[in-house]
Amino acid sequence: MLRDTLKHLVESAVETLITSGQFPGEARVPTEISDTKNPEHGDFACNYALVATKKAGVPPRALGELLASVLMNGATDSSPIASIDIAGPGFLNFKLKPEAISAYVQTILDLGVDLPKAAAEQFKGQKLPRLNVEFVSVNPNGPITVGSARGAAFGDVLSRIFASSGYDIDREYYINDGVNSKQMRLFAESVLSYALNQPLPENGYQGEYVKGVAEDVTRLYPNIDSKSEPATWWQARSQELMIERQRQDLETFGVGFNLWFSEQSMHDSGLVTDSLEKLKLNGAADEGCFRSEVIREGKEERIEQKAEECGPLWLRSTKFGDDKDRVLLRSDGRPAYIAGDVAYMESKLGQRGYDKAIIVLGPDHHGYIPRMNAVCQALGYPLERFEIIIFQIVRFVKDGKPAPMRKRDGNIYELRDLIDEIGANSAPAAPKEEQQRIGRDVARFFYLMRSHDTHMDFDIDLATKQNDENPVFYVQYAHARICSVIAKAADAGFVREAEAARFDSLLTHPTELALIKKILDLPVEVARCTKDYGVHRITTYAVELARTYHHFYDACRVIQTDEPDLSRARLNLCHAARTGLQATLLLLGVSAPERMDREAKPI
RNA sequence: GCGCUCGUAGCUCAGUGGAUAGAGCAUCAGCUUGCGGAGCUGAGGGUCGUAGGUUCGAGUCCUAUCGAGCGCGCCA
């Protein structure tokens, strides 16, 4: 908002200079308004002169001085610019009039928690792409682990960011429920073994959760004679109960989906067969008795054909940049797993017509990128309509040492264990529901603090025991503090009035202006996230916003009975700050408590 | 062997080709007879793995190299 205004002012000043012949036409370059690193440099900086210097053939400082003089000479009372300095190699440093900044308090209050939507301003008049974001998609033979939870948190917040920016977005969970799956058959056999109290099959699934599924089946179908039911019945029941368990854990984690898409449904409907036909028609699949592979020798690359037994249907993915061709139909005619992926791509980009399909996958899947890109192109769709985002591995650290993902008793480290552990340690006396809320808030925040494409350590001790030092509490505390101030102000007779905004121009203190500017950064951060998926910056932003509030709070007393107008202005600012924190925490799926009652420390 | 990701303070990590590379934790020193001290202020701590290159300018881009993790099925 503020930045957009400045950007437009700079651009029109450049136009003025070009039309008057003082700048060459080449000087029309994209420019950016950025923060100043040092507050002494003013409110915002512009790198125009540095970027344009080469094309204009004029030294940057000379460009900057001309531009600054046009900006200042043409300035009216309504211009937000108070002064411009040319600094360093040629930055234009803008100092804004305080009232130009404080005027935005009312804008923030009008937008409320829709504040991120202001990010959509940049898309005005454009039709935003219709998105499908697929994430988690854990096989229905296991629980949501602390590892897959990173993808859950990331995909969820990315979806929230797109939605808040005005995109039409579906969040989808792909259920790997192919009836031919060996894994699922073995899982069902393992469940049955538990139900019958028999030894597990070889390499069978073990752990509490398998037993739990067996108990659930027995409980839900008391009149069923377990033994007499066919294996397919057990497979179907095991699967649906496992999925339900996953769904519940994700819900506790604050992650929801509006579409649950079944792999098997595409086999049943014939979409798999049709999609393979389409590949053949496109010349991207055939039954030739060979497989192409990319051979690399130094920098040289060549494709070699290796003889194979006849029978399978091959996806000639090497035509589209993959390392080797992939099997679509096996020798015995059964579809390979990737056949489902082909149909799934066709479902998303063809049948259902999404403009773009995004898939969030774990680090063990990065080998899929070339082959899935090949699938996309083989079906005749441009690569721009498909994107895989890989999140990196999480290492759990306890007592300063890496903690195994499988616990000593053989059980898998589940997301629900992590949530319970954090909640129980942070608030031992709180009711279960409250503990889960805390566990969810802290776990989500921790996962989201790090860039998704960097390996991260999840320090369980920090997340649980040292909760005083926990950044999520720091942010929530700022919110609770604001709520407390607002309540206190009401006791003192300061209640917001309809025309409260008339006092906003009294906000001139550096910490007041800094706070307003910081709140206005939220839409900027959100807009960036829709481009580079750097959702972790939202957690950094949340901490910075909280800190900026604490600075203001420390420097400016809000409630002063001898300064009623200033008190009202600052109260408005408190409401705006609360709005900013609420909007930020809402994006992160973290709660914004109005009170944080500290439990007595155990002795 | 090939490919992908990462390497920044004691630890965990931010960092949009731009100004003196930042934050939290940890360590040390301060701040409260006023709105929540889960707060604020200050100090110390860096060959941005290494070596080249691109350019007005590189933690950021390119190449090489070292190190860590992951992936390379007619499994799903």
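Quick note on labels: first sequence line is chain A, next is B, and so on, each numbered from 1.
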For [X] and [N], give me the distance from atom [atom1] to atom [atom2], rounded to whole Å.
X: A/Leu328; N: B/G73; atom1: CG; atom2: P; result: 16 Å
X: A/His479; N: B/G39; atom1: NE2; atom2: P; result: 17 Å
X: A/Gln392; N: B/G69; atom1: CD; atom2: P; result: 13 Å
X: A/Ile390; N: B/C6; atom1: CD1; atom2: C1'; result: 14 Å
X: A/Glu304; N: B/C2; atom1: CD; atom2: P; result: 16 Å
X: A/Asp532; N: B/A14; atom1: CG; atom2: P; result: 13 Å
X: A/Glu263; N: B/C75; atom1: CD; atom2: P; result: 14 Å
X: A/Arg557; N: B/G36; atom1: CZ; atom2: C1'; result: 12 Å

So, does [X] get its side chain near the phosphate of [N], meaning an N or O under 4.0 Å from OP1 or OP2?
X: A/His551; N: B/U41; result: yes
X: A/His536; N: B/G15; result: yes
X: A/Arg330; N: B/C75; result: yes
X: A/Arg547; N: B/G24; result: yes
X: A/Tyr553; N: B/U32; result: no
X: A/Arg395; N: B/A68; result: no

For residues [X] and [Y], determine if any side-chain heavy atom of one lies less than 4.5 Å from a side-chain heavy atom of the other.
X: A/Arg150; Y: A/Ile393; answer: no
X: A/His41; Y: A/Phe94; answer: no
X: A/Arg547; Y: A/Tyr474; answer: yes
X: A/Thr31; Y: A/Asn47; answer: yes
X: A/Gln235; Y: A/Phe187; answer: no

Closest nucleotide among [options] to the [X] side chain:
X: A/Asn38; options: B/U20, B/G36, B/C2; answer: B/U20
X: A/Val558; options: B/A38, B/G15, B/C35; answer: B/C35
X: A/Asn47; options: B/G15, B/G18, B/G39; answer: B/G18
X: A/Val327; options: B/C74, B/G36, B/G3; answer: B/C74
X: A/Val51; options: B/G18, B/G15, B/C74; answer: B/G18
X: A/His455; options: B/G3, B/G18, B/U5; answer: B/U5
X: A/Lys488; options: B/C35, B/U12, B/G18; answer: B/C35
X: A/Ile393; options: B/C70, B/C13, B/C6; answer: B/C70
X: A/Glu32; options: B/G39, B/U16, B/G73; answer: B/U16
X: A/Lys324; options: B/A19, B/G73, B/G15; answer: B/G73

For the pair A/Tyr344 and A/Tyr174, name the ring-plane relationship: parallel under 30°, tilted 30 to 60°, perpendicular over 60°. parallel

Just call it for [X]: base, sugar-phosphate, or nothing, with non-hydrogen atoms closer than 4.0 Å on any strand.
X: A/Ala45; answer: base
X: A/Pro312; answer: base
X: A/Gln183; answer: base
X: A/Glu594; answer: base
X: A/Cys574; answer: nothing
X: A/Ser331; answer: base
X: A/Thr53; answer: nothing
X: A/Ala480; answer: base
X: A/Arg570; answer: nothing
X: A/Met456; answer: sugar-phosphate

Return the 5'-most residue of the pair A/Ala546, A/Arg481 with respect to RNA chain B, ranking by each residue's nearest nucleotide. A/Arg481

What integer number of Å spans the [atom1] atoms of [N] and [M]?
N: B/G24; M: B/A38; atom1: C1'; value: 14 Å
N: B/G7; M: B/G73; atom1: C1'; value: 32 Å
N: B/G71; M: B/A64; atom1: P; value: 24 Å
N: B/A19; M: B/G15; atom1: P; value: 15 Å
N: B/A43; M: B/C48; atom1: C1'; value: 23 Å
N: B/A58; M: B/G49; atom1: P; value: 15 Å
N: B/U16; M: B/A21; atom1: C1'; value: 15 Å

Regarding A/Lys95 and the six-membered ring of A/Phe44, is the cationic atom NZ or CZ under 6.0 Å from the ring centre and inside 45° of its axis? no

Relative to A/Phe494, does A/Arg568 satisfy both conditions: NZ or CZ under 6.0 angstrom from the six-membered ring centre, and within 45 degrees of the ring's axis? no

Can you check whether any acceptor in the base of [N] is under 3.5 Å from a donor in the side chain of [X], or vice versa?
X: A/Thr454; N: B/C6; result: no
X: A/Asn93; N: B/A19; result: yes
X: A/His366; N: B/C70; result: yes

Applying the 3.5 Å cut-off to both distances, the Watson-Crick or G-U partner of B/G59 turns out to be none

Should B/G24 form a Watson-Crick or G-U wobble pair with both distances under 3.5 Å, which nucleotide is its partner? B/C11

Within a 6.0 Å radius of atom NZ on A/Lys280, are there more than 12 heavy atoms belonging to other residues, nucleotides or ligands? yes

